[in-house]
Every structure is written in C-alpha cells, then in structure tokens.
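The sequence lines fix the lettering, A, B, ..., with proteins before strands; numbering per chain opens at 1. Keep in mind the model is a prediction, meaning the values are calculated, not measured.
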Amino acid sequence: MTNFASSALSFIYIGILMLLASELPTMLLSLLLLLCLWNLLMASKGLTRPATLITNILAAALLAVLFITVDLKQSVLLFVTMLLQASILKLLQAGNAKQQQTVIVLTFFSISTVFLYQQSLYSTLLVGLFFITLTIALASLNGLPTTRLATRKSIYSLSIAVPLAALMLVFVPKMPAFWQLPGANSAKTGLNERIDPFDIASLAKSDELVFRAEFNDTQAAPPYYWRAMLHTSFDGKAWVKEQGPAQVRQDIDWPAYSGSAQIYLEKSANRWLYTLGDGVSRASEVRNLYDGLLQRKDPSASSFKYPLRYRPQLPATLSRYEYQFYTQLPQQGNPHARRLAKRLGASSKDAEAFASELYGYYRNQGFTYTLTPTPITGSDTLDIFLTQTQRGFCGHYASVSAFMMRSVGIPARVVSGYLGGENVGGSNYLSVYQYDAHAWVEYHDGARWQRFDATSVVAPERLNGSLSQVDQLQQEFRANLELGLLQLSNFESLNWLRIQLEKIDYTWTKWVLGFNQEKQNNLLKGLLGSQFAQYSMALVVIVIALVLFIVLMLSSRQRKVRLSFGATQLAKLFNAADASALLSPQQLTPVAQLAYLATHTPKLKAQMEQISRLYVQATYEQKPLTNKQRLELKKLVNQSIKIIG
Amino acid sequence: MQEKLKQLTLGLADVIYGKEQQIKLALCAMLSRGHLLLEDLPGMGKTTLSHGLAQTLGMSYQRIQFTSDLLPADILGASIFNTKEQKFTFHKGPIFSQIVLADEINRAGPKTQSALLEAMEEGCVSIDSERYTLPAPFFVIATQNPQHQSGTFPLPESQLDRFFMRISLGFPPADAEKLLIKGLGPQRHKIIEPIITCDELQHMQNQVDTVNIANTVVDYILALVTLTRHDRDITHPLSPRASIALAQGAKAWAFLEGRDYVMPEDVQAVFASICEHRVNPHDNYSQASVCEDILRRVKVPL
C-alpha cells in the first residue's frame, strides 16, 4: 500500500513540475524531477529509503540551487519552489503510511500552487486528475486494499466535494484578498518594450492565448489593429518605449466612443492593455492614457477582464515640442536609409505622398515577408536590411519606415500590439494569440495620426485576419510553431475539435475565472432581491453553517457499521447450523467453525471448504469478491442450509 | 524468503528437539522487533535456544550472566580514565551486540535490571551525558527462573511489559528426551552455520510490517483486550502497548505461516505468549488460565 501511494505521489509531483516547467529554473526543475524519478524507482522496487543525513544534505544542496537560480525578488516563485522542494524531499523519506499521510496533506497545498500560474480549463482538468490520484493514494493508505476500491472511494468523496465547492463559489460572498504576495513574476508576453526586429522572431512560435475580445453589439470590421504600446525614440538600434510616468486622461467624452467590447485578458505580468484605435475603459483598475492607450494599475499576474470603448483616432495637431519629440533621431548612423529617405522625399510633396512612395519602394524593390529573417548584427542594421537582406517581418518594416520618415521630418512612431485575432466558429468574439503580435508605424500628416503598415504591401494577406489564416504563410508558420493542436489543423476533424475546445475554454474563462464580485452581486441580487447587500455577512454564516451541516450529516451516515457480504452469509449459515445444534460448543474462529462443520457433518464437507476459501479471501485477504464469486457464495450457503434443514 | 524461513525453523529444530512451537514463537518475536523472555526451570534448554537463535541468524552475540552483585556498568560499559591520553574513554559493555542473552535476569538487583530494560526500550545507552546507539537489529533474550525460587528479585509489571513475549519451554516429549539422554541430541557446542544474514532479517521484518490486517481481526484484538479491562478477576488489564504487540505478533505469525494477511487464528496463536506476562490476575488464578479463559469467552467477530 505504501509503495502504491508513494508512486502515485511521485506521478503527481512530476505532473505539477511539468505544469510549472516554464516558471521554474531549468536546473532546479531537472533536479526535482530526478528526485521524483528516484522515489518512483524506490517505490516500485521496494528499496529502503535514504538515510536522514542524505536527505538533509540534499535539502541543503537544493536550497543553495534555489537561492542561486531564483531571484529573491520573485517571492511567489520562491515560496512555491520551497514548498515543492520540501514536499518532494519529505516524500523521499516517507517509508511508512503515517509519514506518507503527512506528505499527502502537503500535496493538497502543492497541487493548488499550480493555479498561481495556470488557470485554463486544461490545467484545471489536470489538477482535478491530480486530486483524484491523491485521494486514491489516501484511501489506499487507509486500508482500502485494491486500487479499484480506492478509486471508487476517492471519486465518491470528491463528487461530494464538487457540489459543495460550486455552492461556495456561487454563494460565499467574494471579498478582497486579506493579503497579497508582491506582484509580477517573469514577463512572458510576446511584446517587448524595445523593438529590436531581430528579437520578435520568437513570437511567431508561441500559440499562447493573449486575450479574447467579445464585441457587445456590432463587431468592428477587420483589420483589427490592437494597439498596446508606443515606441517613440530610436536609440540607434532599436525603437524603445518612452519611460517615465504615463499621462492620464482626465476628461473623457464617453458618448463619443461608439464601439464597445469586453476584453478577457489572460494571465500576464505586463501593465499594457489592448485597444482598437483610440480606446478608454471605465474599469477602476485601468488607467486611460493619452494617445488612446490603456494601462493596468496593478501589474499582478492574474487573468483580468475590462470593458473597452473605442473609436477611430481623431484629428489632432502637434505642438512644437511634440513635433520635435516625434522627429528626433540620433545624429549618426544608417546613412543609406537617410539618403534613400531624402531621395524619396524629394519627389513627394507631403507626408501622405512620402508614405505611398515608401509603399511603392517596398513593393518594387523585391522586399519579402518572412518569419525567419536572416539575422543582422553590428551597426547600421537598417542599412543592411534595406540594401542586402530585404527579407523581414513587421518589426523590420516598422523600424525602417519610422526611421526614414523621421529623417525627412515627418513625425512618426512605432506602435506595437496585435494584428487580427481568430474568430471562433462564427461567434462574436476574437481570440488573439501571441503569434498575432505585430508592429506598425503611425505618422502625422499635419492633421492626424495615420497608420502606415508596410506589411500591407509586402504581405497583404496578413491583414485579413489572424496569422494562422493566411494561406501563403501557413507552411512556414507551422514549421515554426511548437507542436500544438493548431499544427494539426489541416485535418478537418481536428480543426473542428480545436474549435470546440476553444469554445469550451472561452465559456470556462467567462463564467468561472471571470466570476468576480460584480457578477456575483448581480447574480445574488437577481436571486434575493436588491436589499441583499446588507445581509452579505449573514449569507456567509448561513452558507458555512449549511455546508457544515451537510458534512456532519454525511459523516454521521458513514459511522454505521455494516456487516460485509461475506459476514452476513456466514452468519446466516451459522444461525441455521446452531438451530440444528451442529455448531461446536466452544468458541471457534469462523474458519475453525467451518472446518468443525465439515468434519462432523460429512455431507457438508465440499460446501464448507468452498465457503471457507471465499470467506477468507473476502474478509482476511481483503480481495473483494467478484460478482460471480458472490453468487457462488450465496448459492453454497443456501445449499448448505438446505442440507442442514 | 519463505524458503529461508523454513530452513531457519529446521536448523533450530536441530538445536533443540521437539520444541517447534516455541521456536516459531521466538522467531515471531524477532520478526516483530520485540524482545523475548524465556521463563522456565533451570536445565530446560533456555540457553541452548538462545544460542541457536544467535548462531543461525549470524549476528553478534553476548551473554550476560545476571547475579545479585551485578552492577549497571557491567552491562552498559563504563568510562575509564586513560592515563596515556589523559582523558576518559568509554568502554562498551556486553550490551553492545545484536543479540544479548540476559541469563537469569531476576537474580540481579532492581537497579541492574532496569538498566537493561531501559536500554531495550530506548535502543540506546546514555552514559556521562553521551548517547551511544545500540546496534540494529537489537534483540534481547532474557531468561528467568520461576519466581518462587529462592534468591530472585521479581521483575515489576512495568518492566515485564517491555518484553514482547514470554514463553516457557516446558519438558521435552519423551522420545526427544530419550535421544538427549543417549547423547544423540544436539551438541551444545556444535558450530551452527548462519542461515540468514542481518539484511535478510531486516528485510523480513519490513515485510512483516506490510502484512494486511483486516478490520474484523482488529476488532477481535480490541474485544480481547477490552475484556481484560472489564474483568474483575484481573487487577492489571492489558495496555494499548499489548494490543499493538498483539497485532504485530499476529502479523509475524501470519508471515511465518506464509500468508500476507492475518487471520484470527494467528491472534490466538500468539495471544498467550504476548499477554500472559502482562495481565495480573487475583491470587487464586494463574496468568495462563486467565488468558485461556479470555480466549474462550470472546466471540470471534465475523
């Protein structure tokens, strides 16, 4: 039993580590995995556990690795890793049932840490599987002899727990957290505050969901340019985001914003939010910035929902200072780009004409769009791109275009965000993935900011929708993608499956993860009437009392002792034998009593031997009888009673 | 493993004739990591049995003859001043071996007895505020003469409780004794080959721990001990230590029988040996008859 529980626990920890693999440092992760495998080996081979000294040395070594590889500022990760480490080491030591029960209690916490990093439907299902495995281990430690019985018990107990959990999710009023661990861990989104076009190539490889947008009434028409950040200064190599405090908009003309949508943001450690055109949001956690961008007040890494109102960007004139700000460039560098800009600028009368010249230049000079550009290093990277490689993706074109515009005095800035999104199965929401990351240019034509996206001439298909829907690029794109369901979307049925899963995941995100205080208030108001707010404390008490009551009821029902099937059959037989005075006058054990009956009543011999065998199997060996054996036992007992009677 | 066990029983049967049951009980105590008390008249083969056990198991072995003037230091060891190094060095006493035969334990004074029993319970010895761990496995076989013999200090109940089992060998069957008289019996000083190693013994002990014990059997053990607690004829009923020992002994017995599950029969087989020395009946009952009585009165649950 202990070996079974130990192996089950090893599997759970391997699973947890796999789920957290992207968060943990590789070295620590592999060490912990090794420990799990070692434990699995010990459990399967029944080897003796390592001495306390060895585990202590291991613990010290792991702690050292932990402090070297994990930044002390990442306190959440630090605590999670320490918990996992301690539990795995304890598991390594735990040789008997009692110690393993301690580990099981620890594991309930360890499993829950997964939710700090992953809350999607799939990880929730996996976590559910871990809990089932864990309770099976617990049941088997508590004397349930077979895995089947333990599984049944585990599923029974968890199925009691699920409605209780659902009840509590809906009815226990949600309160703000009592305390919070200090924020953001590692940033993982595809966008970067620094646009170095050689950097963003890795983005196309990630099919991680960034956010979902649900359009409230009418869906905006494509292309969807989701603006996230402005990169306003060029440092000679890359376009970087302007640092310093963001300027918050005060007076917002709400009715002027005609479009509205709900954005369901996946877990992210970044501050920036996404908007179409000029956007604002009424959510209290969102800051509305100038230039129609949005920012999050608290950059903690949990999923998040905000209402978005948007409209196209309005005409705006630039002040003298702004004009200077948006045309500044380093004194030196990229002479060819500057010369080329001058030449193109000479033949165009205004910014718009320059833009179309530039479009034409890209189109006619054989520039191509690729997700695997030739890496360019050294200085004057823009020149090398323009003259030699001429292959690149959005980042390249945006960098070069903005540079050239500024060099001829046209105010320009690079915008990064996402382009497109996948419209799932005709519904009114879009899923935007990391591979939709995009960068483009905004230039000022004297009246308003205009969008300039060189990708539209180099790869016009890119604008129609999500990157995955662009036929021409599909092959190249898939080759880049990690093996995921998307990669298999060539097959009709798999694509259907992917879309269905996507729908379920959407529902999960909307209804379970997005079930916040506001939604709960609305629901409860609907159920109890609007005066409910006053009685929320009373509701907590009532719900908790109800839950306790149900638990007590269930546990008191469990306490009744029931005779097992084997025992009832044997009792029946002995009663009958007693009535005919065939039983031994002495106190005998059941098996001895059966043997006594067999020797003193020879015609019962065959039956008694069989009954004895089945009874020993069911009661002492604790191997549950199969249905066939139960029938057999019943038949034998009835036969014998007939003979006795 | 079962093959080795059979060899072991046969090997021991060669040493001491006609005492299969007692040999099995002694092995049962060893497999349960418990200590053994042999109580019998002089000359019944107590020492021969313990000798045989030590040799077949291939463990280090020391014999301590208890006398009325034996002191704790004679058992545990003492710190002796070393004039060369100018400091005290600890000299380990005979208790530092895997099997200790404490012969005629009730001949020594209470102080000495409790020194031994202390070490048995703790698995280590503390002298001059230093702890010395005893070797593992550590197994004490104590012999004692029946209490009514002269020159004995009876062990108090609290110390008797530390012994996992008490068995008496009893007289040999007539034909076995005939062989003994003729000198065809086992030679006392015959060298016996070790049959199992220390590691194998520890492995077996671990396997005993994994023997299944069904709830009905646990209920049976509970019924047995509970009866002693409500019986007016018994002044000192069975402690929880006794019930744990009963379960453990029954597991070891089942293991010796080659099963991986306990049956009520196993509990009955070890009940007398485990419980007789722990109950204290009123004067007019003997410990043995009380235990028999308990077994007879408790119904085995289905």
Closest approach of [X] to [Y] (non-hydrogen atoms, all atoms of both residues):
{"X": "B:Met263", "Y": "A:Val591", "result": "CE-CG2, 3.6 Å"}
{"X": "A:Pro590", "Y": "B:Leu302", "result": "CG-CD2, 4.0 Å"}
{"X": "B:Pro301", "Y": "A:Tyr615", "result": "O-OH, 4.3 Å"}

Given that the side chain runs from C-beta out, which part of [X] has a heavy atom under 4.5 Å from chain A: side chain, backbone, both or neither?
{"X": "B:Asp209", "result": "neither"}
{"X": "B:Thr216", "result": "side chain"}
{"X": "B:Val267", "result": "neither"}
{"X": "B:Arg297", "result": "backbone"}
{"X": "B:Val217", "result": "side chain"}

(request) State, yes or no, whether a side-chain contact exists between B:Gln268 and A:Thr589 at a heavy-atom distance under 4.5 Å. (result) yes

Take a 6.0 Å sphere around [atom1] of [X] and say whether it holds more than 12 heavy atoms from other residues, nucleotides or ligands.
{"X": "B:Arg131", "atom1": "CZ", "answer": "no"}
{"X": "A:Phe108", "atom1": "CZ", "answer": "yes"}
{"X": "A:Arg148", "atom1": "CZ", "answer": "no"}
{"X": "A:Tyr596", "atom1": "OH", "answer": "yes"}

(message) Quick check on A:Ala592 against chain B: is it the side chain, the backbone, both or neither that has a heavy atom closer than 4.5 Å?
(response) both

(message) Within this structure, what is the CG-CG distance for the pair B:Asn206 and A:Asn96, rounded to the nearest 0.5 Å?
(response)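 The CG atom of B:Asn206 sits 10.5 Å away from the CG atom of A:Asn96.
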
(request) In sequence, state the C-alpha distance, the side-chain angles, and the governing distance for A:Tyr620 and B:Asn212, and then conclude on side chain to side chain contact (heavy atoms under 4.5 Å, CB included). (result) CA-CA 8 Å; A:Tyr620 302 131; B:Asn212 257 328; over 6 Å; no

